[in-house]
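The next block holds one structure in the form of structure tokens; read it before the comments.
Both backbone and side-chain heavy atoms feed into the values below; hydrogens, waters and symmetry mates do not.
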Amino acid sequence: TGAIELFDAQGTSLTRRAVWREGATPQAMALSPDGSRLLIAFMPALVGAGSLGLAIHELDPETLATRRVLRDPATAHALFFLDEETLLAAPRHEGARLEIWDAETLELLAELDAPSAASLALSPDRRKLAVSVDGQILLYHLTRK
């Protein structure tokens with residue numbers, strides 16, 4: 001439905017604090033390591049004869065207020081913050097490599113030579129990436145130059 005809901009958890013009860021609706025299907029989301037930024041990637045939307053491409057909304061994680069909308073021609077089914085400045089994105093199409101984007105501009109910074117993944121998991125220290133491909137789990141050690 002494109003709805004994002006924010007809840008406060010107190011003991012065993014949940015209280016809904018905010019709801020945000022886009023009307024499109026979310027494909028991926030990422031919360032920055034310091035918790036100050038929430039990015040949500042939506043599937044490309046068809047408009048007339050063309051496509052808008054990927055829309056990434058940056059929301060305030062406390063209120064779900066829209067801070068800005070970024071558009072990029074790529075599509076992603078997974079997003080992870082590697083640090084406050086960089087994102088790891090897994091493109092949606094077959095044979096795609098994993099991409100490293102600038103978290104502010106969504107500019108492509110680098111590509112990782114990795115097969116198209118069915119699912120991804122990033123370790124809490126953001127140094128290892130597990131990738132599920134064709135019934136196998138591949139583990140990548142991410143290093144920075």
For Asp60, salt bridge (Lys or Arg N to Asp or Glu O under 4.0 Å) partners two or more places apart: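 Partners of Asp60 by the salt bridge (Lys or Arg N to Asp or Glu O under 4.0 Å) criterion, ordered by chain and then number, come out as Arg67.
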
Sequence-distant partners of Asp125, salt bridge (Lys or Arg N to Asp or Glu O under 4.0 Å), two or more places apart: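 Asp125: no salt bridge (Lys or Arg N to Asp or Glu O under 4.0 Å) contacts found.
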
Derivation and outcome, side chain to side chain contact (heavy atoms under 4.5 Å, CB included), residues Trp101 and Ile56: CA-CA 12 Å; Trp101 296 347; Ile56 295 184; 3.6 Å; yes

From CA spacing to verdict: side chain to side chain contact (heavy atoms under 4.5 Å, CB included), Leu122, Leu82: CA-CA 9 Å; Leu122 189 64; Leu82 295 178; 4.1 Å; yes

Residue pairs, two or more places apart or on separate chains, that pass salt bridge (charged side-chain N to carboxylate O under 4.0 Å, His left out) and touch residues 24-39: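 Sorted result for residues 24-39: Arg37-Glu58, Arg37-Glu104.
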
Residues that Arg127 engages under side-chain hydrogen bond (donor to acceptor under 3.5 Å, both in side chains), provided they are two or more places apart: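 Here no residue qualifies.
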
Under the side-chain hydrogen bond (donor to acceptor under 3.5 Å, both in side chains) test, residues paired with Glu85 that sit two or more places apart: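 For Glu85 there are no side-chain hydrogen bond (donor to acceptor under 3.5 Å, both in side chains) partners, ignoring immediate neighbours.
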
Residues clustering with Phe7 (ILVMFWY side chains joined when closer than 4.5 Å, directly or via others):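 Once heavy-atom contacts under 4.5 Å are chained together, Phe7 belongs with Leu14.
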
Ile4 vs His57, side chain to side chain contact (heavy atoms under 4.5 Å, CB included): CA-CA, chis, key distance, verdict: CA-CA 12 Å; Ile4 307 295; His57 292 253; over 6 Å; no

Approximate separation, where rounding is to 0.5 Å, of [X] [atom1] and [Y] [atom2]:
X      : Y      : atom1 : atom2 : result
Arg126 : Leu142 : CZ    : CG    : 11.0 Å
Leu79  : Glu99  : CG    : CD    : 10.5 Å
His141 : Leu129 : NE2   : CG    : 10.5 Å
Leu39  : Phe81  : CG    : CZ    : 4.0 Å

Over all atoms of both residues, closest heavy-atom pair of Pro61 and Gly35: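 Distance-wise, the nearest heavy atoms are CG-O, 3.1 Å.
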
Pairing residues for Ala18 by the side chain to side chain contact (heavy atoms under 4.5 Å, CB included) criterion, not counting sequence neighbours: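 Result, side chain to side chain contact (heavy atoms under 4.5 Å, CB included) vs Ala18: Leu6, Leu64.
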
Evaluation steps, side chain to side chain contact (heavy atoms under 4.5 Å, CB included), between Lys128 and Leu139: CA-CA 7 Å; Lys128 294 180 189 79; Leu139 186 62; 4.1 Å; yes

Any donor-acceptor N/O pair, Arg17 side chain to Glu62 backbone, under 3.5 Å: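 Such a contact is found between Arg17 side chain and Glu62 backbone.
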
